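Accompanying notes for the structure given below.
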2 protein chains.
Amino acid sequence: MDINKTLSALNNPVRRQILAWLKDRSNFPPPLPEHVDLSGVCVGYIQERANLSQSTISTYMRLLKDAGLVTSERHGQWTFYKRNEDAIAATLKILAEEL
Amino acid sequence: MDINKTLSALNNPVRRQILAWLKDRSNFPPPLPEHVDLSGVCVGYIQERANLSQSTISTYMRLLKDAGLVTSERHGQWTFYKRNEDAIAATLKILAEEL
DNA sequence: TCCATATATCGGCATATCGCGATATGTCAC
DNA sequence: GTGACATATCGCGATATGCCGATATATGGA
């Protein structure tokens with residue numbers, strides 16, 4: 001758990017917004033029928049919501065993932081991202097202690 | 001309270017370290033006799049501890065101050081900085097809610 | 001195999017941040 | 001006013017980040 005990397009990932013309003021959106025699946029369109037039993041949200045839906053380019057969102061999700069704040073799972077051609085609640089809680093804990 | 005500005009200020013290990021050092025006056029040399037009744041730590045002591053240039057530390061303290069994380073008081077030729085505990089607590093609260 | 005779709009990576013330009021030395025400002029003592 | 005000292009600001013080159021379009025990779029279907 002690299003607090004520098006984590007704070008860098010969080011130091012962007014859109015990336016924080018994405019994390020917040022991922023709290024509630026209903027912030028995104030309903031999943032395709034073949035995805036209803038999967039958790040997480042695909043990159044395309046996140047991109048649509050954030051209204052930034054596909055490459056930007058893909059990079060943002062990689063940054064969030066490298067920081068440990070989200071996890072990803074590939075299913076077919078889709079990558080589903082979801083919050084890593086443990087890592088998010090750990091980040092808040094570290095900040096509360098360190099600051 | 002601008003969370004973007006605050007997170008930018010916190011997105012630097014030395015600035016976070018300074019905030020942490022300021023929790024305890026004993027992280028710095030004893031105050032001059034004429035300063036014993038004043039709260040806060042002067043820039044020179046912070047610079048000495050951080051081992052960065054005077055201009056860098058002055059800028060760091062301005063960033064922390066602009067973010068509201070510290071307050072400053074001038075006394076003679078010295079500027080004394082101390083933690084703004086309310087703002088720090090508010091930051092942690094906002095992060096806990098937003099993330 | 002060839003094509004369509006979803007995502008990831010690359011290369012680039014604009015802007016921001018890092019940390020510095022030089023210089024400006026403010027304050028005190030003389 | 002002059003000099004000494006503490007701090008703030010300026011200007012710089014180096015590096016990082018923002019965000020993009022173009023391209024590469026991966027998967028599934030005809």
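Order of the sequence lines fixes the chain letters, A, B, ..., with proteins taken first and strands second; residue numbering starts at 1 for each chain. Small disclaimer: the values here were computed from a predicted structure and weren't measured.
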Give Ser58(A) one of three labels, base, sugar-phosphate or nothing, depending on what nucleic acid heavy atoms sit under 4.0 Å from its own.
-> base

Can you find a side chain N or O atom of Asn12(B) that sits less than 4.0 Å from OP1 or OP2 on dC18(C)?
-> yes

Base, sugar-phosphate alone, or nothing: which one does Phe80(A) contact when heavy atoms must sit under 4.0 Å apart?
-> nothing

Does Arg62(B) have a side-chain nitrogen or oxygen under 4.0 Å from the phosphate oxygens OP1 or OP2 of dA8(D)?
-> no

Nearest heavy-atom pair of Ala9(B) and Ala67(B): which atoms, and what distance?
-> CB-CB, 3.9 Å

Given dA8(C), is OP1 or OP2 found less than 4.0 Å from the side-chain N or O atoms of Tyr81(A)?
-> yes

Hey, is the side chain of Thr59(A) poking within less than 4.0 Å of OP1 or OP2 on dA8(C), counting only N and O atoms?
-> no

N/O contacts under 3.5 Å, protein versus nucleotides 24-30 of chain C?
none

Test item: Gln47(B) and Thr56(B) side chains (from C-beta on) under 4.5 Å apart, heavy atoms | no

Looking only at heavy atoms, the pair that brings Ala20(B) and Asn27(B) closest together is O-ND2, 4.4 Å

Stretch residues 41-56 of chain A: residues that reach within less than 4.0 Å of DNA chain D through a heavy atom = Leu52(A), Ser53(A), Ser55(A), Thr56(A)

Have a look at Leu69(A) and tell me which of Leu10(A), Leu63(A), Asn84(A) forms a side chain to side chain contact (heavy atoms under 4.5 Å, CB included) with it.
-> Leu10(A)

Figure out the CH2/C1' separation between Trp78(B) and dA4(D), and round it to whole Å.
-> 11 Å

